[in-house]
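What follows is one structure encoded as structure tokens, with my remarks underneath.
Note on naming: letters A, B, ... go to the chains in the order of the sequence lines (proteins, then strands), and numbering restarts at 1 for each one.
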Amino acid sequence: MPMDLFLDFENRIKNALQNIGIEAETSTDKALLNRISAEPPRDPSHGEIATNAALVLAKPLAAKPRDIAVRLALELEADADIVAVEVAGPGFINLRLSDACWARVLAGILASGETYGHQPATGAAPVNVEFVSANPTGPMHVGHCRGAVVGDAIANLLVATGTPVTREYYINDAGAQIEALTQSALLRYREALGEAVGDIPSGLYPGDYLRPVGEALKAEFGDALLAMSEKEMLSTVRERTIDAMMVMIRDDLARLNIRHDVFSSERALTAGGLDRIAEAIAALSEKELIYEGKLPPPKGKPPEDWEDREQTLFKSSQFGDDMDRPLLKSDGSYTYFASDIAYHYDKFLRGFTRMIDVLGADHAGYAKRMKAAVTAISGGEAELEVQFCQLVKLFRGGEPVRMSKRSGELVTLREVVDEVGANAVRFMMLYRKADAPLDFDFQAVTEQSKDNPVFYVQYAHARTESVRRQASADVPQIDLAASALGQADLAGLRDEGERMLVRQMADWPRTLDAAARSREPHRVAFYLNDLASTFHAHWNRGKELPQLRFIKPDQLETSRVRLALVTAIGIVLRSGLSVLGVDAPREMR
RNA sequence: GGCCCCGUAGCUCAGCUGGAUAGAGCAUCGGCCUUCUAAGCCGAAUGUCGCAGGUUCGAAUCCUGCCGGGGUCGCCA
């Protein structure tokens, strides 16, 4: 049986339709067939799988939905795995599956192990997922943290569903902010040499993290930098400082268990005799997408310093953007957009035709032009998708945590991870739709209680392990290897709580698939919380009803089946947690 | 003013890309739990799905128009 039970039955339903003479011939027919679903109904009284086939087909067949449903139901009854078929409501067909069928689901989980629900690699070209891309002007702060975790989780989702991924970080190591950084580092260098530099001037970076950079420059060069030409000195300081910042950022990311495959440098786009930006503009120019023209001033509030002038524009409006966008600043240098076009062009030249950028919500207005640029410069061969992350608000015990940007005292990512751990950070960042604002409470995420989903899910996993440890002591005759447990009489799960757990686990492959398609890792987090909740509830029932406990030393066969169930739950929890990048602990300590 | 996102229980949010009677956790209320499988359990109550139209057998979900909140709007990155 395929891993996805529901997909399996969707296909059986389509086969049944063929058998009763309903087939897709035209493409519109096929589109129609795609609307047919086999899903777990919300209401358990509606069976275990429900299909809308008859409702979807009623109109094109000019028949009453219930008539089609009755014919289809009759055909489905022939399936040995289906023990009950019911036509209900306006024309839904509700199916109940045999115990043997559910037993096979459980056996399938035990056989596939932690890759249960995952899909084999398709062999397609990798998708480029760009995320974080924080400016290398200082340590990462919490604002970067969400994009980092979400981007990594989206990449994990794609890999888990068979799409190879390249994780990429774009280093914005050019521009005015980098010059400010360089000047700041230079001051710290002088400071290290014993000069009294006083306060760091406004506009520069006052953070202490540049002091070690100054010290390192002193250690490497002594005071020799001061004897260099201004250009040479600045270039050296810039180089060393950016490298130091990136070491720091990589280390911050590593603390969150995030590793990029590729780090691309903005400066490298126009270095060593190369000028990707000029190339990109030339490529667009060749397609007649560049022109000199004027843009209308923004409506509503006209800026005081608006200067109506001709500029070099890219016709992004031809590709869905709201207006054309400038590529050159008034001083003749490239805009950020121009170099970003070049960067995406570079990705295309490296062979990527599918790209995903994970950006902060403040860049929302940027998506259209960038997508337009990718479509234009690749001649429609490449496609960019943009995913957004909203802000994170920090709390401590319900009280907002103040962050003063002015003094440079942002809460750093490192501080957060050091305080609550990577697991809590990752899980909580994914426990909300990325596009919705998120409240993060330092206190709440470390609480060991049901109210803390991180703990709740991890604890569920620890409990599965604890049962297995207990079993090896109480019923040593039972082989706890998944392969051995898969041989148990898995149809012997009679209790409704047990069966619910199996049904819920059957839903994991389609949950994972849906999460990947929609780029919504939070669905995985919610799924895991639900599964943990069902498991904990079942566990608690064992307090009242000892006959429901997993280990019954006097009933070895029952114990075997239940240990198979518990082991499967552990597998599914690990399968899901691995996608989130959260540990599945064997015990809570 | 243009564009993007958001609006669901008192609060924080889900809602499986159009399915059947809209869910969970807090908070509230009621009961249980003091050795059992540590980090409590069970149950109850709670809705104009922002508003108004439209498409559909069927809409919280798709379309249009409003209302309200946030973001953004050439020479920042």
With sequence neighbours excluded, tell me which residues meet ring-ring contact (aromatic ring centres under 6.0 Å, His included) with [X].
X	result
A:His536	A:Tyr456, A:Tyr459
A:His46	none
A:Tyr334	none
A:Phe440	A:Phe442

Describe the nucleic acid contact of [X] in one word from base, sugar-phosphate, nothing, applying a heavy-atom distance below 4.0 Å.
X	result
A:Ala50	base
A:Asp173	nothing
A:Ala515	nothing
A:Pro326	sugar-phosphate

(message) Holding to side-chain contact (heavy atoms from CB on, under 4.5 Å), I want the full list of residues that pass it with A:Ala516, two or more places apart in sequence or in another chain.
(response)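 Only A:Leu157, A:Thr161 meet the side-chain contact (heavy atoms from CB on, under 4.5 Å) criterion with A:Ala516.
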(message) Can you work out whether A:Ser518 or A:Gly175 has the more 5'-proximal nearest nucleotide on RNA chain B?
(response) A:Ser518
(request) Tell me which of A:Pro40 and A:Gln177 sits closer to the 5' end of RNA chain B, going by the nucleotide each one is nearest to. (result) A:Pro40
(message) So if I define the base as every atom that isn't primed, P, OP1 or OP2, how would nucleotides 59-72 of chain B read as a B/S/- string at a heavy-atom cutoff under 4.0 Å?
(response) ------------SS
Under 3.5 Å between N/O atoms: give me all the protein pairs with nucleotides 8-13 of chain B, atom names plus distance.
residue: B:U12; atom: O2'; partner: A:Arg432; partner atom: NH1; Å: 2.9
residue: B:C13; atom: OP1; partner: A:Pro437; partner atom: O; Å: 3.4
residue: B:C13; atom: O2'; partner: A:Arg432; partner atom: NH2; Å: 3.1

(request) Respond yes when some side-chain nitrogen or oxygen of A:Lys59 is under 4.0 Å from OP1 or OP2 of B:C57, and no when none is. (result)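 So the side chain of A:Lys59 is within the cut-off, an N or O lying under 4.0 Å from OP1 or OP2 of B:C57.
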(request) Pull up the glycosidic torsion of B:U17 and say syn or anti, syn being anything within 90° of 0. (result)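 Syn for B:U17; the angle stays within 90° of 0.
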(request) Write out the stems for RNA chain B, ordered by first number and formatted as range with range, counting runs of at least 3 consecutive Watson-Crick or G-U wobble pairs under 3.5 Å. (result)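 So far as stems of 3 or more pairs are concerned, RNA chain B shows B:1-7 with B:67-73, B:10-13 with B:23-26, B:28-32 with B:40-44, B:50-54 with B:62-66.
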Every protein N/O within reach of nucleotides 39-46 of chain B N/O, cut-off under 3.5 Å:
residue: B:A39; atom: OP2; partner: A:Tyr459; partner atom: OH; Å: 3.1
residue: B:A39; atom: OP2; partner: A:Arg463; partner atom: NH2; Å: 2.8
residue: B:A39; atom: O2'; partner: A:Gln448; partner atom: O; Å: 2.7
residue: B:A39; atom: N7; partner: A:Tyr459; partner atom: OH; Å: 2.7
residue: B:A39; atom: N3; partner: A:Gln448; partner atom: OE1; Å: 3.0

(request) Return the nearest nucleotide to the side chain of A:Tyr336; candidates are B:G74, B:A77, B:C3. (result) B:A77
(message) Show me the pairs that pass salt bridge (charged side-chain N to carboxylate O under 4.0 Å, His left out) and involve residues 440-453 of chain A, at least two apart or across chains.
(response) none
(request) List in chain and number order the residues that pass salt bridge (Lys or Arg N to Asp or Glu O under 4.0 Å) with A:Lys368, two or more places apart in sequence or in another chain; answer none if no residue qualifies. (result) A:Asp322
(request) Record whether the side chain of A:Arg510 comes under 3.5 Å of the base of B:C16 through a donor-acceptor pair of N or O atoms. (result)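 Checked by distance alone, the answer is yes.
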(message) Please determine whether ring pair (Phe, Tyr, Trp, His ring centres under 6.0 Å) holds for the pair A:Tyr431 and A:Phe526, giving the CA-CA distance in whole Å, both sets of side-chain angles, and the decisive distance to 0.1 Å.
(response) CA-CA 7 Å; A:Tyr431 197 59; A:Phe526 274 91; 4.5 Å; yes
(request) Please name all residues satisfying side-chain hydrogen bond (donor to acceptor under 3.5 Å, both in side chains) with A:Gln458, sequence neighbours left out, ordered by chain then number. (result) none
(request) Look at the aromatic rings of A:Tyr343 and A:Tyr170 and report parallel, tilted or perpendicular, splitting at 30° and 60°. (result) parallel
